Amino acid sequence: MLQKGDKAPDFELFATPDQKFSISELKGKNIILAFYPADWSPVCSDQMALYNEMLKYFSKYEATILGISVDSKWSHLAFSQSRTLHFPLLADFEPKGEVSKLYGVYNEKEGESNRALFVIDKEGIIAWSYLSPAAINPGADGILDALESLTSKNQ
Amino acid sequence: MPGQLKPAVSNQDHIQGAEEATIEIVEYGDYQCPHCGAAYPVIQKIQKKFLTQIKFVFRNFPLAESHRFALPAAVAAEAAGLQGKYWEMHDLIFENQKSLSHEGLFAMAKSAGLNIEQFKNDIQRPDLEEKVDADFESGIRSGVNGTPTFFVNGTRFDGGAEDLYDMLLESAED
């Protein structure tokens with residue numbers, strides 16, 4: 001798993017059925033990458049729904065959040081619509097798990113991404129990373145702490 | 001240290017129970033979340049069982065994008081608080097969770113005995129929504145990742161309301 005101080009590898013994945021997205025497009029912004037095992041988790045207040053509530057807090061720190069799983073762009077579209085998510089979900093679908101592997105957070109046994117968080121600074125360097133047990137929603141306190149220390153560093 | 005309540009309970013909070021209670025339970029909840037609705041009678045059971053040993057605090061954690069009446073309900077409870085009827089409204093909302101709507105909230109305000117004109121004005125007050133937002137942000141800072149999340153004496157309790165009841169029973173027996 002990539003750690004603080006590593007350069008965040010660029011990648012290009014589908015964000016919608018007809019649109020690809022690469023993190024180099026977000027230069028000059030802080031980026032939160034949230035790898036998660038699968039769309040359609042059965043609880044009503046799941047991790048992606050929580051982040052969806054937090055977009056205004058993230059934008060306070062000039063940060064954009066991206067969700068990533070190995071689900072297809074069509075699954076992401078349906079999931080995103082059903083939860084009214086207002087941030088992109090990227091499909092690490094073909095070749096399966098390639099980006100997750102690049103970041104060292106692919107679970108070969110399950111064929112899914114681990115539940116892992118990265119905060120990347122405006123220069124594309126990883127400022128914080130965290131691997132959560134698969135069954136546990138890691139919340140967002142770690143992300144906010146990381147963003148806060150980035151902001152105070154720049155002042 | 002993870003899972004610590006930030007900030008600690010203060011007079012900014014809605015507190016039910018005895019000041020000198022030794023067990024302080026804080027719930028981060030969403031009025032439209034079915035799991036919070038299920039937790040509501042369990043909290044009452046805990047309060048009945050442990051009486052003055054328990055102090056209960058409710059902080060708002062509305063998942064407004066998933067539950068469209070979560071935020072209006074939270075604001076309505078805060079507005080009732082301005083008329084000294086926070087807990088009456090809190091109880092009514094959870095007891096009528098299935099019929100949550102704008103009309104429903106007004107009907108509850110009436111049942112709670114609120115001055116409706118004042119209620120109507122108060123729910124527009126930006127400071128009430130700011131209070132709800134501040135609760136939400138404190139939840140995030142404290143490591144809340146969904147609802148309901150409970151804190152016992154300032155430390156996150158990883159379990160539901162029934163688990164909380166069992167834990168309290170067990171520690172009472174020790």
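Only this structure's heavy atoms are used, side chains among them; waters, hydrogens and symmetry mates stay out. This one's a predicted model, so the numbers in the text were calculated from it and none came from an experiment. A note on names: the letters A, B, ... follow the listed sequences, proteins ahead of strands, and every chain is numbered from 1.
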Taking non-hydrogen atoms and a cut-off under 4.5 angstrom, which of residues 52-73 of chain A neighbour chain B?
-> A:N52, A:E53, A:M54, A:K56, A:Y57, A:K60, A:Y61

Among residues 2-25 of chain A, which ones touch chain B with a heavy-atom distance under 4.5 Å?
-> none

Between B:D30 and chain A, which part of the residue has a heavy atom less than 4.5 Å away: side chain, backbone, both or neither?
-> neither

Go through the steps to decide whether B:V144 and A:D141 satisfy the test side-chain contact (heavy atoms from CB on, under 4.5 Å), and finish with yes or no.
-> CA-CA 8 Å; B:V144 171; A:D141 48 329; over 6 Å; no

Applying a strict under-4.5 Å side-chain criterion to I, L, V, M, F, W and Y, I'd like to know whether [X] and [Y] cluster together.
{"X": "A:L89", "Y": "A:F93", "result": "no"}
{"X": "B:L105", "Y": "B:Y31", "result": "yes"}
{"X": "A:L131", "Y": "A:Y36", "result": "no"}
{"X": "B:I93", "Y": "B:I43", "result": "yes"}
{"X": "A:V99", "Y": "A:I120", "result": "yes"}

How about [X]: does its [atom1] atom have over 12 heavy atoms from other parts shown lying under 6.0 Å from it?
{"X": "A:K101", "atom1": "NZ", "value": "yes"}
{"X": "B:K45", "atom1": "NZ", "value": "yes"}
{"X": "B:R125", "atom1": "CZ", "value": "yes"}

Per-residue tally against chain B (heavy atom, under 4.5 Å) across A:I136, A:L85, A:L144 peaks at A:L144

For the pair B:N145 (side chain) and A:P138 (backbone), establish whether a donor and an acceptor sit closer than 3.5 Å, ignoring hydrogens and angles.
-> no

So the ring pair (Phe, Tyr, Trp, His ring centres under 6.0 Å) pairs with at least one residue in residues 107-129 of chain B (sequence neighbours excluded) are B:F106-B:F119

Can you list the residues that meet the salt bridge (Lys or Arg N to Asp or Glu O under 4.0 Å) rule with A:D145, with sequence neighbours excluded?
-> B:R141

